[in-house]
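Data first, discussion second: the structure below is written as structure tokens.
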Amino acid sequence: MSGQPLLLIEDLVVNYGAINAVKGLSIEVCKGEIVSLVGGNGAGKSSTLRAISGIVASKGNIILDGRNVAKLEPHHRVQAGLVQSPEGRGIFASMTVYENLLVGAHTRKDSLEDSLKWCYELFPILVERTKQVAGTLSGGEQQMLAISRALMARPKILMLDEPSLGLAPKIVLQIFEIIKRLNTEGVTILLVEQNARMALKFSHRAYVMETGVKVIEGRGQELLADEKVKASYLGG
């Protein structure tokens with residue numbers, strides 16, 4: 001990991017009408033890190049990711065690899081390397097697994113074979129499901145597809161929004177092991193996750209959010225042992 005942030009967020013503000021969802025948030029992600037945003041419902045975690053992706057309007061600076069991308073349209077942010085796997089997976093249910101993967105690479109002009117091979121190595125079950133309609137996959141398989149679709153864009157930073165949501169504990173562990181493997185293979189990850197214990201276990205660093213602001217930050221293992229974090233987010 002280098003000390004220079006790959007992603008630097010400065011004074012991020014997200015409003016939904018009169019609701020202040022994110023209130024001047026500043027965070028950073030260095031190359032090679034897994035960084036988590038944890039907190040309860042309404043903390044502003046998902047709004048932060050959507051603002052970084054350009055899906056919702058925001059104020060503040062979003063600096064990727066030294067370039068401020070805050071004014072770019074969402075598809076141009078994807079081209080720049082900010083790629084999100086959304087909460088709820090957001091797969092195209094009526095399309096096949098293969099077609100979903102191709103959609104993930106729609107901003108690319110080069111060959112896709114290496115990326116397809118990589119996704120199939122990460123998630124071998126998708127090889128068997130290549131021609132299957134995505135809406136017929138299990139919840140875990142849909143999550144694997146959603147992550148793979150994001151990887152097809154070759155992200156500089158992979159943003160994962162609630163990857164464990166609605167999954168059985170065994171599948172949750174499998175997903176997090178894949179996140180760890182991706183990171184060891186060079187993928188920098190910004191993770192939003194309500195399963196705070198699992199997120200902190202697998203993260204280099206984390207930010208705890210409450211009502212749109214950052215209240216605690218630190219290394220994942222340190223926050224796992226922090227008494228306030230344990231009491232508020234880890235069930236004691």
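All figures in this text were calculated on a predicted structure; none of them were measured in a lab. All values below were derived from every heavy atom in this structure, side-chain atoms included, with hydrogens, water molecules and symmetry-related copies excluded.
Separation of atoms CG (L64) and CG (L82) is listed at 4.5 Å; rounding is to 0.5 Å. The CD1 atom of I9 sits 8.5 Å away from the OG atom of S58 when rounded to the nearest 0.5 Å. Once rounded to the nearest 0.5 Å, the distance linking CD1 of I34 with CG of N183 reads 4.0 Å. Residue L126 holds its CG atom at 6.5 Å from CG of L101, rounded to the nearest 0.5 Å. Between the CG atom in L12 and the NZ atom in K59 there is a gap of 11.5 Å [rounded to 0.5 Å]. The distance from the OG atom of S85 to the CG atom of L49 is 10.0 Å, given to the nearest 0.5 Å.
Residues A153 and V83 share a closest heavy-atom pair of CB-CG2, 3.8 Å. For the residue pair L167 and I175, the shortest heavy atom distance occurs at CD1-CG1, 4.0 Å. Across I62 and A51, no two heavy atoms sit closer than the pair CD1-O, 3.6 Å. Scanning both residues, L223 and L234, for their nearest heavy atoms gives O-CD1, 4.5 Å. Heavy atoms only, all atoms of each residue included: V56 and S47 are closest at CG2-O, 4.1 Å. The minimum heavy-atom distance linking V38 with A199 is given by the pair CG1-CB, 3.9 Å.
Under the 3.5 Å distance criterion, the side-chain polar atoms of T130 are matched with a main-chain donor or acceptor of V127. The backbone N or O of D11 sits less than 3.5 Å from a side-chain atom of S26, completing a donor-acceptor pair. Side chain of K156 to main chain of L6: no donor-acceptor pair is present (N/O by atom type, distance under 3.5 Å, no hydrogens or angles). Put simply, the side chain of K31 never gets that close to the backbone of I157: no donor and acceptor are under 3.5 Å apart. Within the 3.5 Å criterion, the main-chain N or O of K23 finds no donor-acceptor partner in the side chain of N20.
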**OP:** Using the side-chain contact (heavy atoms from CB on, under 4.5 Å) rule, take I27 and L37 through it: C-alpha gap first, then chi angles, then the decisive distance, then the call.
**Re:** CA-CA 10 Å; I27 63 172; L37 303 180; 4.0 Å; yes

**OP:** Start with the C-alpha gap between R197 and L224, add the side-chain angles, then the distance that decides, and say whether side-chain contact (heavy atoms from CB on, under 4.5 Å) holds.
**Re:** CA-CA 7 Å; R197 187 179 299 276; L224 271 176; 4.1 Å; yes

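Two residues are said to be in side-chain contact when any heavy atoms from C-beta on lie closer than 4.5 Å; I147 and Q143 meet this criterion. Using a 4.5 Å cut-off on side-chain heavy atoms (C-beta onward), S148 and L122 make no contact. Contact of the T48 side chain with the M209 side chain is registered, since non-hydrogen atoms from C-beta on lie closer than 4.5 Å. Using a 4.5 Å cut-off on side-chain heavy atoms (C-beta onward), V229 and L200 make contact. For the pair P163/I179, a side-chain contact is recorded, criterion being any heavy-atom separation below 4.5 Å from C-beta on. Between E28 and Y207 the shortest side-chain heavy-atom distance falls below 4.5 Å. Considering only heavy atoms from C-beta on, I55 comes within 4.5 Å of Q84 through its side chain.
Each ring pair (Phe, Tyr, Trp, His ring centres under 6.0 Å) pair with one or both residues in residues 36-85, not counting sequence neighbours, would appear here, but there are none. A salt bridge (charged side-chain N to carboxylate O under 4.0 Å, His left out) check over residues 134-154, counting only residues at least two apart or in different chains, returns the pairs D110-R154, R129-E141. Sorted by first and then second residue, the salt bridge (charged side-chain N to carboxylate O under 4.0 Å, His left out) pairs with a member in residues 173-189 read R181-E185; sequence neighbours excluded. Listed by first then second residue, pairs satisfying salt bridge (charged side-chain N to carboxylate O under 4.0 Å, His left out) with a partner in residues 199-212 read E33-R205, not counting sequence neighbours.
Note on I171: it clusters hydrophobically with F176, by side-chain heavy-atom contacts below 4.5 Å among ILVMFWY residues. Tracing side-chain contacts under 4.5 Å through hydrophobic residues (I, L, V, M, F, W, Y), one reaches L137 starting from V172; they form part of the same cluster. Placement of L8 and L158 in two distinct hydrophobic clusters is found when ILVMFWY residues are connected by side-chain heavy-atom separations under 4.5 Å, directly or transitively. Transitive grouping of hydrophobic side chains (ILVMFWY, heavy atoms separated by less than 4.5 Å) keeps F92 and F123 in distinct clusters. I63 and V29 fall into different hydrophobic clusters, where Ile, Leu, Val, Met, Phe, Trp and Tyr are joined by side-chain heavy atoms under 4.5 Å apart, directly or via other members.
Heavy atoms from other residues, nucleotides or ligands lying under 6.0 Å from OH of Y98 number 12 at most.
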Side-chain polar contacts of residues 187-195 - donor-acceptor pairs under 3.5 angstrom, sequence neighbours left out - could you list them?
unit_1, atom_1, unit_2, atom_2, d
T188, OG1, G32, N, 2.8
E193, OE1, S164, N, 3.4
E193, OE1, S164, OG, 3.3
E193, OE2, S164, OG, 2.6
E193, OE2, N195, N, 3.0
Q194, NE2, N41, OD1, 2.2
N195, OD1, M198, N, 3.1

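When the side chain to side chain contact (heavy atoms under 4.5 Å, CB included) test is applied to L112, the partners found at least two apart in sequence or on another chain are L102, A105, R108, L116, M152.
Under a 4.0 Å N-O distance rule, the pair R50/E87 qualifies as a salt bridge.
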